[in-house]
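The sequence lines fix the lettering, A, B, ..., with proteins before strands; numbering per chain opens at 1.
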Amino acid sequence: MPELPEVETIAAGLRQGRAGQPSLIDRRIRQVHLLWERSLAWPSPAEFYDWLPGQVIGDIRRRGKFIVFDLSQHTLLVHLRMSGDLLVEPITAPLAPHHRLVIDLDGDLRLAFNDARKFGRVWLTADPQSVLGSLGPEPLDEAFTAQDLHRMLHAHERQLKPLLLDQSFLAGLGNIYADEALHMARLHPLTISNSLSPEQSQRLWQSIRQVLEEGILRNGASIDWVYRGGDYQHFFKVYQRTGNPCYNCGTPIERLVVGQRSTHYCPNCQPLK
DNA sequence: CACGAGACCTGTTCGC
DNA sequence: TGCGAACAGGTCTCGT
């Protein structure tokens, strides 16, 4: 489900509070309920139950598609994968279906990890690098330049679409924003990475940052029943627009499968050389 | 190294 | 109406 803009929106909501929800910063963890064991990637459930109570939430951040909780002793990391979500609830609320982990906090609040498809994972570790260490650069980082991207693209001989989805190449892009960025950059999803000119790399760099920034501005995209809150879905140019006219040229948007993922593009605006 | 297929899961929508 | 297939915002592992 969530890509960088959705994860950013969720993390910011937990950090700053939103729409009546209070911030979780400085809250102390009271109790933990792990309702689906496989949602916990690390450590063992016994250690998880032992370590968490008493710790205080210092900061809540995003790295790639991970939500990172800096606790007083450890780091709690959450990856929402396809259908995960983090909800703040009154501690008295009835347990919703698909809650996989519930963390009771002071102030009669709880943080709930809800995940219908059970793909999401949680880590609790003193060494967050062991989880985040293989991630590529943050596309919105000031230090990430078009020249960096050009160099990275030329270090591989790969199709652009799967390369952009590779989190060790660049952290945060998913299926929606990869398709949207490629369309904005007028690059075919199957273009080989090391064939890009500096100008094309510059365009791709600009497009990636622009679609992500617009996504964040819109609080992410809400497509089906999973995620609610954002409205970037109303601004898709190609994603899930198969057969509909391209807004640039009127050519019907086409869909193909690349790396087992639906890929949407305009055959006229994004020709394959 | 690059790529495709299968696995992990549940829920919704589509096609007959 | 019913029912199976296709599909969904992700990532890992294995085989070629």
Within 6.0 angstrom of Asn248(A) CG, more than 12 heavy atoms from elsewhere:
yes

Rounded distance in Å - CZ (Arg261(A)) to C1' (dA8(C))
9 Å

Would you write out the dot-bracket form of DNA chain C, 5' to 3', with Watson-Crick and G-U pairs under 3.5 Å, [ ] for crossing pairs, | for pairs to other strands and . for unpaired bases?
.|||||||.|||||||

Give every pair of a protein N or O atom and an N or O atom of nucleotides 14-16 of chain B that lie under 3.5 Å apart, one pair per line with the distance.
none

Which letter, B, S or -, goes with each nucleotide of nucleotides 5-11 of chain B from 5' to 3', with contact meaning a protein heavy atom under 4.0 Å?
BB-BBBS

Euclidean distance, atom CE of residue Met152(A) to atom P of dC1(B) [Å, nearest integer]
15 Å

In this structure, how many angstroms lie between the P atom of dT11(C) and the CH2 atom of Trp42(A), rounded?
21 Å

Side chain to side chain contact (heavy atoms under 4.5 Å, CB included) between Phe66(A) and Trp123(A): does it pass, once the steps are laid out?
CA-CA 10 Å; Phe66(A) 289 84; Trp123(A) 294 255; 3.6 Å; yes

Whole angstroms only, please: what is the NZ-P distance between Lys161(A) and dG4(B)?
12 Å

Asn244(A): partners by side-chain contact (heavy atoms from CB on, under 4.5 Å), with sequence neighbours left out
Arg241(A)

Between dT11(C) atom P and Leu77(A) atom CG, what is the distance in whole Å?
14 Å

By ring-ring contact (aromatic ring centres under 6.0 Å, His included), which residues pair with His99(A), not counting sequence neighbours?
none

Heavy-atom count check: over 12 atoms from other residues, nucleotides or ligands less than 6.0 Å from Glu213(A) CD?
yes

Do any side-chain nitrogens or oxygens of His156(A) fall under 4.0 Å of OP1 or OP2 in dC1(B)?
no

Counting only side-chain heavy atoms from C-beta out, which of dC7(C), dA2(B), dG10(C) sits nearest to Ser262(A)?
dC7(C)

Distance-only polar pair, side chains of Asp166(A) and His156(A), donor-acceptor under 3.5 Å
no

Roughly how far apart, to the nearest Å, are dA5(C) and dA7(B) at atom P?
16 Å

Per nearest nucleotide of DNA chain C, the residue lying toward the 5' end, Gly259(A) or Gln240(A), is Gln240(A)

Just by distance, no angles: are the side chains of Thr9(A) and Glu6(A) close enough, under 3.5 Å, to form a donor-acceptor pair?
no

Who pairs with Arg261(A) by side chain to side chain donor-acceptor pair (under 3.5 Å), at least two apart in sequence or on another chain?
none

Do we see a donor-acceptor contact under 3.5 Å between the side chains of Gln206(A) and Gln202(A)?
no

Determine the sole option in Leu14(A), Val102(A), Ile57(A) for which the side chain to side chain contact (heavy atoms under 4.5 Å, CB included) test with Leu111(A) is passed.
Leu14(A)

Could you give the distance separating dA6(C) and dG6(B) at their P atoms, to the nearest angstrom?
13 Å

Take atom CZ of Phe169(A) and atom P of dA2(B), then tell me their distance rounded to the nearest Å.
10 Å

Among Arg255(A), His183(A), Glu254(A), side-chain hydrogen bond (donor to acceptor under 3.5 Å, both in side chains) partner for Tyr265(A)
Glu254(A)

Do His154(A) and Asn194(A) meet the criterion of a side-chain donor-acceptor pair at a distance under 3.5 Å?
no

Here the distance between atom P of dA2(B) and atom CZ of Arg158(A), to the nearest Å, is 6 Å

Nearest whole Å is fine: how far is dC7(C) C1' from Arg241(A) CZ?
19 Å

